[in-house]
Peer 1: 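Got a structure for you, questions after.
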Amino acid sequence: MEKIVILTGAGISAESGLGTFRDAGGLWAQYPIEDVATPEGFARDPGLVHAFYNARRIQAAKAEPNAAHTALARLQRDWPGDVVIVTQNVDSLHEAGGAEGVLHMHGILSGALCAACGHRWQSPPEMNVGELCPSCQSPSARPDIVWFGEMPYDMDTIYDHLAEARIFAAIGTSGQVYPAAAFVHEAIAAGARTVELNLEPSAGVSSFDETAFGLATQIVPRWVDGMLGQR
Ligand code: APR
Ligand code: ZN
């Protein structure tokens, strides 16, 4: 049965109260990317970076999944083929909404990583400078987030899924950050039908066969109903 690969971005969590990056007043309007989302920024001022992610971790922990998250979980459950969710988001709202096997290509707020030995563990709500790694005891704990200039996670797995996609949907992403913004071209090369569901046309809108614009909590459940109606 047809495999569906879905890429989500910050727009799918916007109605759960989590800020997007590039909308008016978005996170990158408030914080310089180079200070809080690069390895150089972390080396320069780890306290500022921890404070940025502590605030987002605490906010994300209070957020609830919305109708778009739960609709994708319903699609995963009821679609007769595989439904793979790849997210650029570092919140856990897809999982909270019932989705499984979500690939977090930019890492996850609830994760901590040791920069010295690569050990990963559940992050405390607040992480501080010099936090010790529970495995090697060195003071090199960092958020398990993929910063600009670092290699996103699970890329081989993601490209394997895209090569088998019959349907590719990009939801709530502005299509401005690579490699995610190029996934639609991989899907097209695999012969997939491509769909963009977003508040407004993304930078890559011309690559999509089908588009629907509006609030994710409205257009995503409607899209899922349509997909399940055509089983
Ligand atoms: N419903 C649907 N779409 C929405 C909504 C909503 N309620 N609100 C905003 N959007 C759309 C915006 O129109 C925009 O196109 O979501 C998109 C959010 O774009 P960005 O803020 O650029 O977020 P994203 O595409 O996820 O950014 C990708 O950039 O900074 C890095 O690592 C960060 O993962 C992030 C990556
Ligand atoms: Zn370690």
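Each ligand, and each atom within it, is numbered from 1 in the order the structure gives. Note: hydrogens, waters and symmetry copies are ignored here, and every other heavy atom, side chains too, is used. None of these values were measured; they are calculated from a predicted model.
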Peer 1: Hey, are the side chains of Val146 and Met151 touching, using non-hydrogen atoms and a 4.5 Å cut-off?
Peer 2: no

Peer 1: Side chains of Asp225 and Arg74: closer than 4.5 Å at any heavy-atom pair?
Peer 2: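 The answer is yes, as the side chains (C-beta and beyond) meet within the 4.5 Å cut-off.
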
Peer 1: How long is the span from the CD atom in Gln59 to the OH atom in Tyr53, to the nearest 0.5 Å?
Peer 2: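 Atom-to-atom, Gln59:CD and Tyr53:OH are 13.5 Å apart.
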
Peer 1: Test: ring-ring contact (aromatic ring centres under 6.0 Å, His included). Region: residues 72-116. Which pairs qualify, not counting sequence neighbours?
Peer 2: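 Sorted pair list: His69-His94.
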
Peer 1: Nearest 0.5 Å please: distance from the CD atom of Glu210 over to the OG1 atom of Thr194.
Peer 2: 8.0 Å

Peer 1: Using the side-chain contact (heavy atoms from CB on, under 4.5 Å) definition, which of the options Pro134, Ser140, Cys136 pairs with His119?
Peer 2: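 Filter result, single survivor: Pro134.
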
Peer 1: Are the side chains of Ser138 and Cys114 in touch, meaning some heavy atoms are under 4.5 Å apart?
Peer 2: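 Yes, side chains in contact.
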
Peer 1: Report all side-chain donor-acceptor pairs from residues 31-51 shorter than 3.5 Å, counting only partners two or more places apart or in another chain.
Peer 2:
| residue | atom | partner | partner atom | Å |
| --- | --- | --- | --- | --- |
| Asp35 | OD1 | Arg44 | NH2 | 3.1 |
| Thr38 | OG1 | Glu34 | O | 2.7 |
| Thr38 | OG1 | Gly41 | N | 2.8 |
| Arg44 | NH2 | Glu34 | O | 3.2 |
| Asp45 | OD1 | Gly47 | N | 3.3 |
| Asp45 | OD1 | Leu48 | N | 3.0 |

Peer 1: Mind jotting down which protein residues get a heavy-atom contact under 4.0 Å with ligand 1? Chain and number order, please.
Peer 2: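 Ligand 1 pocket, heavy atoms under 4.0 Å: Gly9, Ala10, Gly11, Ala14, Glu15, Thr20, Phe21, Arg22, Asp23, Trp28, Gln88, His106, Phe148, Gly172, Thr173, Ser174, Val177, Asn198, Leu199, Glu200, Gly214, Leu215, Ala216.
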
Peer 1: Less than 2.8 Å away from the Zn ion (ligand 2), how many protein N/O/S atoms can be counted, ignoring water?
Peer 2: 4

Peer 1: Are side-chain heavy atoms of Glu200 and Asp23 found at a separation under 4.5 Å?
Peer 2: yes

